A.B. asks: 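For reference, the structure I am asking about is given below.
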Amino acid sequence: MKLFKMRGGVHPEARKADSSERPIRILPLPPLLHVPLQQHIGAPAKPVVRVGDKVLAGQLVGVGQGHVSAPVHAPTSGTVVAIGDHPAPHPSGLSAATVTIAPDGEGRWFEYEVPADPFALAPDDIAARAGAAGIVGLGGAAFPSSVKLDASRQSGVDTLVINGGECEPYLTCDDRIMRERASEIVTGIRLIQHAVGATRALVGIEDNKPEALAAMRAAAAATDVQIRAVPAMYPMGWEKQMIHALLGREVPAEGRSADIGVLVHNVATAWAVQQAVCQGRPLVSRIVTVSGGAVVAPCNLEVPIGAPVQALFDVCGGFRTTPARLVLGGPMMGQQIARTSVPVVKGTSGVLALTQAEIGLTRPAPCIRCSTCVRACPVGLLPLEIAARVRSDDLAGAVALGLKDCIGCGSCSYVCPSGIPLVHFFNYAKGDLAAQARSKAKQETTRKLAAERSARIERIAREREEAAAARKAAKAAKEAAARAAATTEAAA
Ligand code: SF4
Ligand code: SF4
(Lines give C-alpha, C1' and ligand atoms only; values in the text may rest on other atoms or scores of the structure.)
(Ligands and ions follow the chains in the order given, each with its own letter.)
Protein backbone atom coordinates (compact mmCIF):
# COMPACT_ATOMS: atom_id res chain seq x y z
CA MET A 1 0.00 0.00 0.00
CA LYS A 2 1.30 3.42 -0.97
CA LEU A 3 2.35 5.86 1.77
CA PHE A 4 2.04 9.60 1.27
CA LYS A 5 4.83 12.12 1.72
CA MET A 6 4.60 14.16 4.88
CA ARG A 7 5.21 17.81 5.47
CA GLY A 8 7.83 18.96 7.97
CA GLY A 9 8.74 16.88 10.98
CA VAL A 10 12.03 16.27 12.76
CA HIS A 11 14.10 13.33 13.98
CA PRO A 12 14.91 13.90 17.65
CA GLU A 13 17.14 11.33 19.32
CA ALA A 14 14.74 8.45 20.14
CA ARG A 15 16.23 7.48 23.55
CA LYS A 16 13.81 4.54 23.69
CA ALA A 17 16.40 1.77 24.13
CA ASP A 18 16.52 2.23 27.92
CA SER A 19 12.95 0.96 28.33
CA SER A 20 11.85 -0.65 25.06
CA GLU A 21 13.19 -4.10 26.01
CA ARG A 22 11.66 -4.02 29.48
CA PRO A 23 8.41 -6.08 29.53
CA ILE A 24 5.42 -4.55 31.28
CA ARG A 25 5.49 -5.05 35.05
CA ILE A 26 2.60 -4.45 37.45
CA LEU A 27 3.20 -1.61 39.89
CA PRO A 28 2.73 -2.84 43.49
CA LEU A 29 -0.23 -1.07 45.09
CA PRO A 30 0.81 2.13 46.89
CA PRO A 31 -0.78 2.91 50.31
CA LEU A 32 -3.12 5.51 48.77
CA LEU A 33 -4.58 6.07 45.31
CA HIS A 34 -5.63 9.62 44.44
CA VAL A 35 -8.25 9.42 41.68
CA PRO A 36 -8.99 12.88 40.19
CA LEU A 37 -12.58 13.47 39.12
CA GLN A 38 -11.41 15.21 35.97
CA GLN A 39 -8.99 13.17 33.90
CA HIS A 40 -10.55 13.96 30.57
CA ILE A 41 -11.57 16.80 28.28
CA GLY A 42 -15.03 18.03 29.31
CA ALA A 43 -16.98 18.38 32.52
CA PRO A 44 -15.54 16.78 35.68
CA ALA A 45 -17.24 13.70 37.10
CA LYS A 46 -19.44 14.06 40.18
CA PRO A 47 -18.58 11.84 43.17
CA VAL A 48 -21.11 9.09 43.99
CA VAL A 49 -19.28 7.71 47.02
CA ARG A 50 -18.76 9.07 50.53
CA VAL A 51 -15.82 8.96 52.90
CA GLY A 52 -15.84 5.60 54.65
CA ASP A 53 -17.50 3.71 51.78
CA LYS A 54 -16.03 0.34 50.82
CA VAL A 55 -15.46 0.02 47.07
CA LEU A 56 -14.56 -2.79 44.71
CA ALA A 57 -12.12 -2.57 41.81
CA GLY A 58 -13.95 -1.10 38.83
CA GLN A 59 -16.80 0.30 40.94
CA LEU A 60 -18.08 3.70 39.90
CA VAL A 61 -16.80 6.50 42.17
CA GLY A 62 -17.59 9.49 39.94
CA VAL A 63 -20.35 9.80 37.36
CA GLY A 64 -19.79 11.80 34.15
CA GLN A 65 -21.81 14.99 33.81
CA GLY A 66 -23.10 16.38 30.53
CA HIS A 67 -22.45 15.29 26.97
CA VAL A 68 -18.64 15.54 27.01
CA SER A 69 -17.46 13.91 30.22
CA ALA A 70 -16.35 10.51 31.53
CA PRO A 71 -16.99 8.50 34.69
CA VAL A 72 -14.16 7.42 36.99
CA HIS A 73 -13.87 4.09 38.80
CA ALA A 74 -12.05 2.66 41.79
CA PRO A 75 -8.70 1.22 40.60
CA THR A 76 -8.77 -1.50 43.26
CA SER A 77 -10.85 -2.62 46.23
CA GLY A 78 -10.52 -0.62 49.45
CA THR A 79 -11.99 2.24 51.44
CA VAL A 80 -12.67 5.83 50.39
CA VAL A 81 -10.64 7.84 52.91
CA ALA A 82 -11.01 11.35 51.49
CA ILE A 83 -12.88 13.37 48.89
CA GLY A 84 -11.36 16.78 48.35
CA ASP A 85 -8.52 18.68 46.75
CA HIS A 86 -5.23 16.98 45.92
CA PRO A 87 -2.33 18.28 43.75
CA ALA A 88 -3.25 17.75 40.11
CA PRO A 89 -0.89 16.45 37.40
CA HIS A 90 -0.64 19.87 35.79
CA PRO A 91 2.19 22.44 35.38
CA SER A 92 0.18 24.96 37.43
CA GLY A 93 0.67 22.79 40.52
CA LEU A 94 -2.92 23.60 41.52
CA SER A 95 -5.15 21.09 43.26
CA ALA A 96 -8.25 19.38 41.87
CA ALA A 97 -11.21 17.44 43.26
CA THR A 98 -10.01 13.91 43.99
CA VAL A 99 -11.34 10.69 45.53
CA THR A 100 -8.63 9.07 47.68
CA ILE A 101 -8.83 5.30 48.22
CA ALA A 102 -6.85 3.19 50.69
CA PRO A 103 -6.44 -0.24 48.98
CA ASP A 104 -7.28 -3.33 51.04
CA GLY A 105 -4.87 -5.47 49.01
CA GLU A 106 -7.59 -7.99 48.10
CA GLY A 107 -8.17 -6.74 44.54
CA ARG A 108 -11.83 -7.83 44.48
CA TRP A 109 -13.67 -6.74 41.32
CA PHE A 110 -17.11 -5.29 40.82
CA GLU A 111 -18.91 -7.71 38.49
CA TYR A 112 -20.25 -6.24 35.26
CA GLU A 113 -22.29 -8.23 32.74
CA VAL A 114 -20.20 -9.57 29.85
CA PRO A 115 -21.81 -10.45 26.47
CA ALA A 116 -21.42 -13.99 25.16
CA ASP A 117 -20.65 -12.61 21.69
CA PRO A 118 -19.39 -8.99 21.76
CA PHE A 119 -19.75 -8.73 17.98
CA ALA A 120 -23.48 -9.45 18.28
CA LEU A 121 -23.89 -6.20 20.24
CA ALA A 122 -25.55 -3.25 18.53
CA PRO A 123 -23.00 -0.58 17.45
CA ASP A 124 -24.36 2.00 19.88
CA ASP A 125 -24.17 -0.57 22.70
CA ILE A 126 -20.40 -0.83 22.15
CA ALA A 127 -20.06 2.97 22.35
CA ALA A 128 -22.22 3.00 25.48
CA ARG A 129 -20.07 0.31 27.14
CA ALA A 130 -16.88 2.24 26.27
CA GLY A 131 -18.48 5.37 27.75
CA ALA A 132 -19.61 3.59 30.92
CA ALA A 133 -16.09 2.17 31.32
CA GLY A 134 -14.65 5.71 31.41
CA ILE A 135 -12.48 5.17 28.34
CA VAL A 136 -10.74 8.27 27.01
CA GLY A 137 -8.05 8.70 24.35
CA LEU A 138 -4.98 7.08 25.90
CA GLY A 139 -2.57 8.69 23.42
CA GLY A 140 -2.62 11.77 25.64
CA ALA A 141 -5.65 13.69 24.35
CA ALA A 142 -7.98 12.14 26.97
CA PHE A 143 -11.10 12.93 24.91
CA PRO A 144 -14.04 10.71 25.94
CA SER A 145 -14.03 7.82 23.44
CA SER A 146 -17.78 7.21 23.43
CA VAL A 147 -18.39 10.79 22.25
CA LYS A 148 -16.00 10.19 19.34
CA LEU A 149 -17.65 6.83 18.54
CA ASP A 150 -21.16 8.29 18.59
CA ALA A 151 -20.18 11.31 16.46
CA SER A 152 -18.31 9.11 13.95
CA ARG A 153 -21.23 6.69 13.60
CA GLN A 154 -23.64 9.56 13.05
CA SER A 155 -21.44 11.42 10.55
CA GLY A 156 -20.48 8.17 8.81
CA VAL A 157 -16.74 7.47 8.67
CA ASP A 158 -15.38 4.99 6.14
CA THR A 159 -11.95 4.38 7.68
CA LEU A 160 -10.72 3.62 11.18
CA VAL A 161 -7.07 4.57 11.72
CA ILE A 162 -5.36 3.12 14.77
CA ASN A 163 -2.38 5.15 15.85
CA GLY A 164 0.69 3.17 16.85
CA GLY A 165 3.01 6.06 16.06
CA GLU A 166 4.45 6.76 19.51
CA CYS A 167 6.88 9.28 18.06
CA GLU A 168 7.80 11.07 21.30
CA PRO A 169 11.35 10.27 22.49
CA TYR A 170 11.69 7.97 25.54
CA LEU A 171 8.10 6.61 25.39
CA THR A 172 7.74 2.87 24.78
CA CYS A 173 4.41 2.05 26.46
CA ASP A 174 2.57 1.66 23.13
CA ASP A 175 5.45 -0.37 21.70
CA ARG A 176 5.24 -2.78 24.65
CA ILE A 177 1.46 -3.08 24.67
CA MET A 178 1.54 -3.94 20.95
CA ARG A 179 4.23 -6.56 21.52
CA GLU A 180 2.55 -8.12 24.55
CA ARG A 181 -1.21 -7.64 24.05
CA ALA A 182 -1.60 -7.60 20.28
CA SER A 183 -4.47 -10.05 20.15
CA GLU A 184 -6.62 -7.98 22.58
CA ILE A 185 -5.76 -4.81 20.65
CA VAL A 186 -6.90 -6.36 17.37
CA THR A 187 -10.18 -7.45 18.99
CA GLY A 188 -10.62 -3.90 20.31
CA ILE A 189 -9.98 -2.50 16.82
CA ARG A 190 -12.61 -4.81 15.32
CA LEU A 191 -15.10 -3.77 18.02
CA ILE A 192 -14.48 -0.07 17.30
CA GLN A 193 -14.82 -0.73 13.58
CA HIS A 194 -18.13 -2.50 14.25
CA ALA A 195 -19.26 0.38 16.51
CA VAL A 196 -18.77 3.06 13.82
CA GLY A 197 -19.45 1.00 10.71
CA ALA A 198 -16.09 1.77 9.08
CA THR A 199 -15.41 -0.35 6.00
CA ARG A 200 -11.68 -0.69 6.74
CA ALA A 201 -9.28 -0.46 9.65
CA LEU A 202 -5.62 0.52 9.27
CA VAL A 203 -2.98 0.47 11.99
CA GLY A 204 0.00 2.79 11.47
CA ILE A 205 3.13 1.76 13.37
CA GLU A 206 6.51 3.50 13.07
CA ASP A 207 9.11 1.38 11.32
CA ASN A 208 11.48 1.64 14.31
CA LYS A 209 9.25 -0.86 16.16
CA PRO A 210 9.80 -4.10 14.22
CA GLU A 211 8.74 -6.38 17.08
CA ALA A 212 5.47 -4.50 17.54
CA LEU A 213 4.85 -4.64 13.78
CA ALA A 214 5.46 -8.40 13.76
CA ALA A 215 3.23 -9.04 16.78
CA MET A 216 0.39 -6.96 15.39
CA ARG A 217 0.68 -8.57 11.95
CA ALA A 218 0.51 -12.02 13.51
CA ALA A 219 -2.53 -11.08 15.61
CA ALA A 220 -4.32 -9.48 12.66
CA ALA A 221 -3.46 -12.23 10.16
CA ALA A 222 -6.91 -13.83 10.15
CA THR A 223 -8.79 -10.52 10.16
CA ASP A 224 -9.39 -7.59 7.81
CA VAL A 225 -7.33 -5.26 10.00
CA GLN A 226 -4.37 -3.97 7.97
CA ILE A 227 -1.04 -3.25 9.66
CA ARG A 228 1.16 -0.60 8.00
CA ALA A 229 4.72 0.51 8.75
CA VAL A 230 5.12 4.29 8.55
CA PRO A 231 8.42 6.22 8.67
CA ALA A 232 9.72 6.98 12.14
CA MET A 233 9.65 10.74 12.52
CA TYR A 234 8.24 13.32 14.88
CA PRO A 235 5.28 14.10 15.07
CA MET A 236 4.01 10.95 13.32
CA GLY A 237 1.79 10.29 16.35
CA TRP A 238 -0.16 13.48 15.61
CA GLU A 239 -3.39 12.12 14.13
CA LYS A 240 -3.47 14.48 11.14
CA GLN A 241 0.06 13.38 10.21
CA MET A 242 -0.84 9.70 10.56
CA ILE A 243 -3.97 10.16 8.43
CA HIS A 244 -1.97 11.94 5.75
CA ALA A 245 0.76 9.28 5.75
CA LEU A 246 -1.72 6.39 5.41
CA LEU A 247 -4.49 7.90 3.32
CA GLY A 248 -3.15 11.08 1.71
CA ARG A 249 -6.18 12.95 3.10
CA GLU A 250 -5.84 16.40 4.68
CA VAL A 251 -7.90 17.27 7.74
CA PRO A 252 -9.06 20.88 7.23
CA ALA A 253 -7.62 23.59 9.49
CA GLU A 254 -9.71 23.73 12.67
CA GLY A 255 -11.59 20.67 11.36
CA ARG A 256 -11.87 17.11 12.70
CA SER A 257 -10.81 13.84 11.16
CA ALA A 258 -14.50 12.83 10.94
CA ASP A 259 -14.91 15.70 8.42
CA ILE A 260 -12.92 13.60 5.95
CA GLY A 261 -14.49 10.28 6.93
CA VAL A 262 -11.81 9.06 9.33
CA LEU A 263 -11.86 8.09 13.00
CA VAL A 264 -8.53 7.84 14.83
CA HIS A 265 -7.87 5.97 18.07
CA ASN A 266 -4.69 5.03 19.85
CA VAL A 267 -3.58 1.36 20.19
CA ALA A 268 -3.91 1.47 23.98
CA THR A 269 -7.46 2.84 23.62
CA ALA A 270 -8.33 -0.16 21.42
CA TRP A 271 -6.99 -2.43 24.17
CA ALA A 272 -9.12 -0.60 26.76
CA VAL A 273 -12.23 -1.06 24.57
CA GLN A 274 -11.56 -4.82 24.39
CA GLN A 275 -11.18 -4.94 28.18
CA ALA A 276 -14.42 -3.02 28.73
CA VAL A 277 -16.59 -4.90 26.25
CA CYS A 278 -15.19 -8.45 26.50
CA GLN A 279 -14.04 -8.53 30.14
CA GLY A 280 -16.36 -5.99 31.77
CA ARG A 281 -13.32 -4.08 33.07
CA PRO A 282 -13.54 -0.27 33.25
CA LEU A 283 -10.43 1.82 32.61
CA VAL A 284 -8.69 1.69 36.00
CA SER A 285 -5.06 1.21 34.95
CA ARG A 286 -2.77 2.03 32.06
CA ILE A 287 0.75 1.31 30.79
CA VAL A 288 3.27 4.02 31.66
CA THR A 289 6.91 4.38 30.58
CA VAL A 290 9.23 5.50 33.36
CA SER A 291 12.45 6.85 31.89
CA GLY A 292 14.98 9.66 31.68
CA GLY A 293 18.68 9.95 32.46
CA ALA A 294 18.02 10.54 36.16
CA VAL A 295 16.17 7.21 36.61
CA VAL A 296 18.20 4.21 37.82
CA ALA A 297 16.29 1.50 35.90
CA PRO A 298 13.84 2.78 33.26
CA CYS A 299 10.91 0.44 32.60
CA ASN A 300 7.26 0.03 31.55
CA LEU A 301 4.67 -0.41 34.25
CA GLU A 302 0.97 -1.18 34.39
CA VAL A 303 -0.13 1.44 36.89
CA PRO A 304 -3.44 1.80 38.74
CA ILE A 305 -4.96 5.22 38.05
CA GLY A 306 -4.24 7.48 41.00
CA ALA A 307 -0.83 6.03 41.95
CA PRO A 308 1.55 8.84 42.96
CA VAL A 309 4.34 9.44 40.45
CA GLN A 310 6.90 8.90 43.23
CA ALA A 311 5.76 5.24 43.54
CA LEU A 312 6.73 4.68 39.89
CA PHE A 313 10.20 6.15 40.37
CA ASP A 314 10.67 4.07 43.55
CA VAL A 315 9.95 0.84 41.67
CA CYS A 316 12.53 1.87 39.08
CA GLY A 317 15.25 2.19 41.72
CA GLY A 318 14.80 5.90 42.37
CA PHE A 319 17.10 8.62 41.01
CA ARG A 320 20.78 8.27 40.17
CA THR A 321 21.05 12.07 40.27
CA THR A 322 18.73 14.94 41.13
CA PRO A 323 16.40 15.41 38.14
CA ALA A 324 16.58 18.79 36.45
CA ARG A 325 13.05 18.39 35.12
CA LEU A 326 10.10 16.08 35.79
CA VAL A 327 7.73 15.54 32.88
CA LEU A 328 4.42 13.75 32.42
CA GLY A 329 4.22 12.44 28.84
CA GLY A 330 7.02 12.89 26.32
CA PRO A 331 9.71 15.58 26.38
CA MET A 332 8.35 17.37 23.28
CA MET A 333 4.69 17.82 24.22
CA GLY A 334 4.56 16.59 27.81
CA GLN A 335 3.78 18.65 30.87
CA GLN A 336 6.41 19.70 33.35
CA ILE A 337 5.46 18.97 36.96
CA ALA A 338 6.91 20.37 40.15
CA ARG A 339 6.34 17.44 42.53
CA THR A 340 6.11 13.68 42.55
CA SER A 341 3.02 13.50 44.75
CA VAL A 342 0.75 14.09 41.74
CA PRO A 343 -1.15 10.98 40.55
CA VAL A 344 -0.98 9.06 37.29
CA VAL A 345 -4.17 9.70 35.31
CA LYS A 346 -5.73 8.12 32.24
CA GLY A 347 -3.74 10.34 29.86
CA THR A 348 -0.32 9.71 31.46
CA SER A 349 1.78 7.83 28.90
CA GLY A 350 5.15 8.53 30.48
CA VAL A 351 6.85 9.79 33.60
CA LEU A 352 10.28 11.24 32.87
CA ALA A 353 13.06 12.46 35.14
CA LEU A 354 15.47 14.33 32.88
CA THR A 355 18.99 15.50 33.65
CA GLN A 356 20.37 18.94 32.86
CA ALA A 357 22.33 17.44 29.95
CA GLU A 358 19.14 15.96 28.46
CA ILE A 359 17.27 19.24 28.67
CA GLY A 360 20.19 20.95 26.94
CA LEU A 361 19.11 24.47 27.87
CA THR A 362 21.12 27.13 26.10
CA ARG A 363 20.84 30.87 26.07
CA PRO A 364 18.81 31.84 22.96
CA ALA A 365 20.70 33.75 20.25
CA PRO A 366 19.10 36.17 17.75
CA CYS A 367 17.16 34.68 14.84
CA ILE A 368 19.34 34.29 11.76
CA ARG A 369 16.32 33.81 9.45
CA CYS A 370 17.56 30.43 8.26
CA SER A 371 13.99 29.07 7.79
CA THR A 372 14.87 25.75 9.39
CA CYS A 373 11.82 26.11 11.63
CA VAL A 374 9.61 26.64 8.58
CA ARG A 375 10.81 23.41 6.99
CA ALA A 376 10.28 21.50 10.25
CA CYS A 377 6.71 22.62 10.90
CA PRO A 378 4.28 19.78 10.07
CA VAL A 379 1.39 22.23 9.80
CA GLY A 380 3.12 24.44 7.22
CA LEU A 381 3.32 27.54 9.44
CA LEU A 382 5.97 30.28 9.63
CA PRO A 383 7.15 29.88 13.23
CA LEU A 384 9.71 32.72 13.08
CA GLU A 385 7.08 35.21 11.86
CA ILE A 386 4.46 34.08 14.40
CA ALA A 387 7.05 34.36 17.18
CA ALA A 388 7.93 37.89 16.03
CA ARG A 389 4.25 38.91 16.26
CA VAL A 390 3.88 37.32 19.71
CA ARG A 391 7.02 39.07 20.97
CA SER A 392 5.67 42.43 19.83
CA ASP A 393 2.31 41.74 21.52
CA ASP A 394 0.58 41.59 18.12
CA LEU A 395 -1.74 38.67 18.93
CA ALA A 396 -4.09 39.46 16.05
CA GLY A 397 -1.14 39.30 13.65
CA ALA A 398 -0.03 35.96 15.15
CA VAL A 399 -3.57 34.57 14.76
CA ALA A 400 -3.67 35.78 11.16
CA LEU A 401 -0.49 33.77 10.54
CA GLY A 402 -2.08 30.60 11.93
CA LEU A 403 -1.27 30.62 15.66
CA LYS A 404 -4.47 28.69 16.36
CA ASP A 405 -3.42 25.93 13.94
CA CYS A 406 -0.15 25.35 15.80
CA ILE A 407 -0.31 21.95 17.54
CA GLY A 408 2.48 22.81 19.96
CA CYS A 409 4.64 19.93 18.75
CA GLY A 410 7.88 21.82 19.41
CA SER A 411 9.55 20.71 16.16
CA CYS A 412 10.45 24.33 15.37
CA SER A 413 12.10 24.87 18.76
CA TYR A 414 13.92 21.56 18.43
CA VAL A 415 15.61 22.47 15.14
CA CYS A 416 16.23 26.18 15.76
CA PRO A 417 20.02 26.71 15.62
CA SER A 418 19.64 29.84 17.73
CA GLY A 419 17.95 27.89 20.52
CA ILE A 420 14.88 30.14 20.44
CA PRO A 421 12.07 28.53 22.49
CA LEU A 422 9.51 29.19 19.74
CA VAL A 423 6.87 26.79 21.06
CA HIS A 424 6.99 28.48 24.47
CA PHE A 425 6.01 31.76 22.80
CA PHE A 426 3.14 30.01 21.06
CA ASN A 427 1.88 28.27 24.18
CA TYR A 428 2.09 31.54 26.09
CA ALA A 429 0.17 33.37 23.36
CA LYS A 430 -2.45 30.63 23.21
CA GLY A 431 -2.89 31.04 26.97
CA ASP A 432 -3.48 34.78 26.39
CA LEU A 433 -5.98 34.00 23.63
CA ALA A 434 -7.83 31.57 25.88
CA ALA A 435 -7.92 34.19 28.67
CA GLN A 436 -9.24 36.78 26.20
CA ALA A 437 -11.90 34.33 24.99
CA ARG A 438 -12.93 33.58 28.58
CA SER A 439 -13.11 37.29 29.41
CA LYS A 440 -15.13 37.97 26.25
CA ALA A 441 -17.51 35.12 27.08
CA LYS A 442 -17.88 36.48 30.62
CA GLN A 443 -18.61 40.00 29.32
CA GLU A 444 -21.13 38.57 26.88
CA THR A 445 -22.84 36.60 29.66
CA THR A 446 -22.93 39.73 31.88
CA ARG A 447 -24.34 41.79 29.00
CA LYS A 448 -27.04 39.17 28.31
CA LEU A 449 -27.97 38.95 32.00
CA ALA A 450 -28.20 42.77 32.25
CA ALA A 451 -30.37 42.92 29.12
CA GLU A 452 -32.62 40.15 30.46
CA ARG A 453 -32.89 41.97 33.81
CA SER A 454 -33.88 45.27 32.10
CA ALA A 455 -36.44 43.45 29.97
CA ARG A 456 -37.82 41.73 33.07
CA ILE A 457 -38.12 45.05 34.99
CA GLU A 458 -39.82 46.70 31.98
CA ARG A 459 -42.23 43.77 31.64
CA ILE A 460 -43.17 43.83 35.33
CA ALA A 461 -43.73 47.64 35.23
CA ARG A 462 -45.84 47.28 32.09
CA GLU A 463 -47.89 44.47 33.62
CA ARG A 464 -48.44 46.58 36.77
CA GLU A 465 -49.58 49.57 34.70
CA GLU A 466 -51.91 47.37 32.66
CA ALA A 467 -53.34 45.79 35.82
CA ALA A 468 -53.89 49.23 37.40
CA ALA A 469 -55.58 50.49 34.23
CA ALA A 470 -57.77 47.35 34.16
CA ARG A 471 -58.72 47.84 37.82
CA LYS A 472 -59.52 51.53 37.15
CA ALA A 473 -61.65 50.66 34.13
CA ALA A 474 -63.49 47.95 36.07
CA LYS A 475 -64.14 50.38 38.91
CA ALA A 476 -65.46 53.07 36.49
CA ALA A 477 -67.70 50.49 34.78
CA LYS A 478 -69.02 49.37 38.16
CA GLU A 479 -69.75 52.98 39.20
CA ALA A 480 -71.46 53.73 35.87
CA ALA A 481 -73.59 50.60 36.27
CA ALA A 482 -74.54 51.65 39.82
CA ARG A 483 -75.44 55.16 38.63
CA ALA A 484 -77.54 53.76 35.79
CA ALA A 485 -79.32 51.41 38.20
CA ALA A 486 -80.02 54.31 40.59
CA THR A 487 -81.39 56.45 37.76
CA THR A 488 -83.66 53.63 36.58
CA GLU A 489 -84.88 53.03 40.11
CA ALA A 490 -85.63 56.79 40.61
CA ALA A 491 -87.52 56.94 37.32
CA ALA A 492 -89.57 53.91 38.34
S1 SF4 B 1 15.05 28.22 12.95
FE2 SF4 B 1 15.43 29.77 14.52
S3 SF4 B 1 17.02 31.02 13.67
FE4 SF4 B 1 16.18 29.88 11.94
S5 SF4 B 1 14.54 31.22 11.12
FE6 SF4 B 1 13.57 29.88 12.61
S7 SF4 B 1 13.60 31.09 14.51
FE8 SF4 B 1 15.10 32.02 13.14
S1 SF4 C 1 5.10 24.02 17.54
FE2 SF4 C 1 3.59 24.88 16.12
S3 SF4 C 1 4.76 26.25 14.79
FE4 SF4 C 1 6.23 24.91 15.83
S5 SF4 C 1 6.53 23.22 14.40
FE6 SF4 C 1 4.90 22.57 15.81
S7 SF4 C 1 2.99 23.18 14.79
FE8 SF4 C 1 4.67 24.28 13.76
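Ligands are counted one by one from 1 in listed order, and the atoms in each one are counted from 1 as well. This is a predicted model, so every value here is computed, not measured.
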A.B. asks: Quick one: which ligand 1 atoms are inside 4.0 Å of a heavy atom on Ser418?
C.D. replies: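 Listed by number with element, the hits are 3 (S).
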A.B. asks: Around atom 2 (Fe) of ligand 1, find the nearest protein heavy atom and jot down its residue, atom name and distance.
C.D. replies: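 Among all protein heavy atoms, the one nearest atom 2 (Fe) of ligand 1 is Cys416 SG, 2.4 Å.
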A.B. asks: State whether a side-chain donor-acceptor pair under 3.5 Å links Ser95 with His86.
C.D. replies: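 No, no side-chain donor-acceptor pair sits under 3.5 Å.
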A.B. asks: Are any non-hydrogen side-chain atoms of Tyr414 and His11 less than 4.5 angstrom apart?
C.D. replies: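 When only atoms from C-beta onward are counted, His11 and Tyr414 do not touch, as no gap falls below 4.5 Å.
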A.B. asks: Should the pair Lys240-Asp405 be classified as a salt bridge under the 4.0 Å nitrogen-to-oxygen rule?
C.D. replies: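 No, this pair does not count.
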A.B. asks: So, Glu302 and Arg181, do they make that salt bridge, N to O below 4.0 Å?
C.D. replies: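 Salt bridge: yes.
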A.B. asks: Identify which of Ala365, Ala388, Cys370 has a heavy atom lying nearest to atom 5 (S) of ligand 1.
C.D. replies: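 That would be Cys370.
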A.B. asks: So that I can tick it off, tell me whether Glu385 and Arg369 are bridged by a salt bridge, with the cut-off set at under 4.0 angstrom between side-chain N and carboxylate O.
C.D. replies: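 Between Glu385 and Arg369 there is a salt bridge, with a charged N closer than 4.0 Å to a carboxylate O.
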A.B. asks: Sorted by chain and residue number, which protein N/O/S atoms are under 2.8 Å from atom 8 (Fe) of ligand 2?
C.D. replies: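 The answer is Cys377 SG.
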A.B. asks: Do the charged groups of Arg228 and Glu206 touch, with an N to O distance under 4.0 Å?
C.D. replies: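 Salt bridge between Arg228 and Glu206, a charged N being under 4.0 Å from a carboxylate O: no.
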A.B. asks: Show the atoms of ligand 1 that are less than 4.0 angstrom away from any heavy atom in Arg369.
C.D. replies: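 Counting atoms of ligand 1 from 1, those under 4.0 Å from Arg369 are 5 (S), 8 (Fe).
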A.B. asks: Between Glu444 and Lys440, is the closest basic N to carboxylate O distance under 4.0 Å?
C.D. replies: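 Salt bridge: no.
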A.B. asks: Is a side-chain donor-acceptor pair under 3.5 Å present for Asp175 with Ser20?
C.D. replies: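 No, no side-chain donor-acceptor pair sits under 3.5 Å.
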A.B. asks: Among all the protein's non-hydrogen atoms, which is closest to atom 8 (Fe) of ligand 1, and how far away is it?
C.D. replies: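 Atom 8 (Fe) of ligand 1 sits closest to the protein heavy atom Cys367 SG, 2.3 Å.
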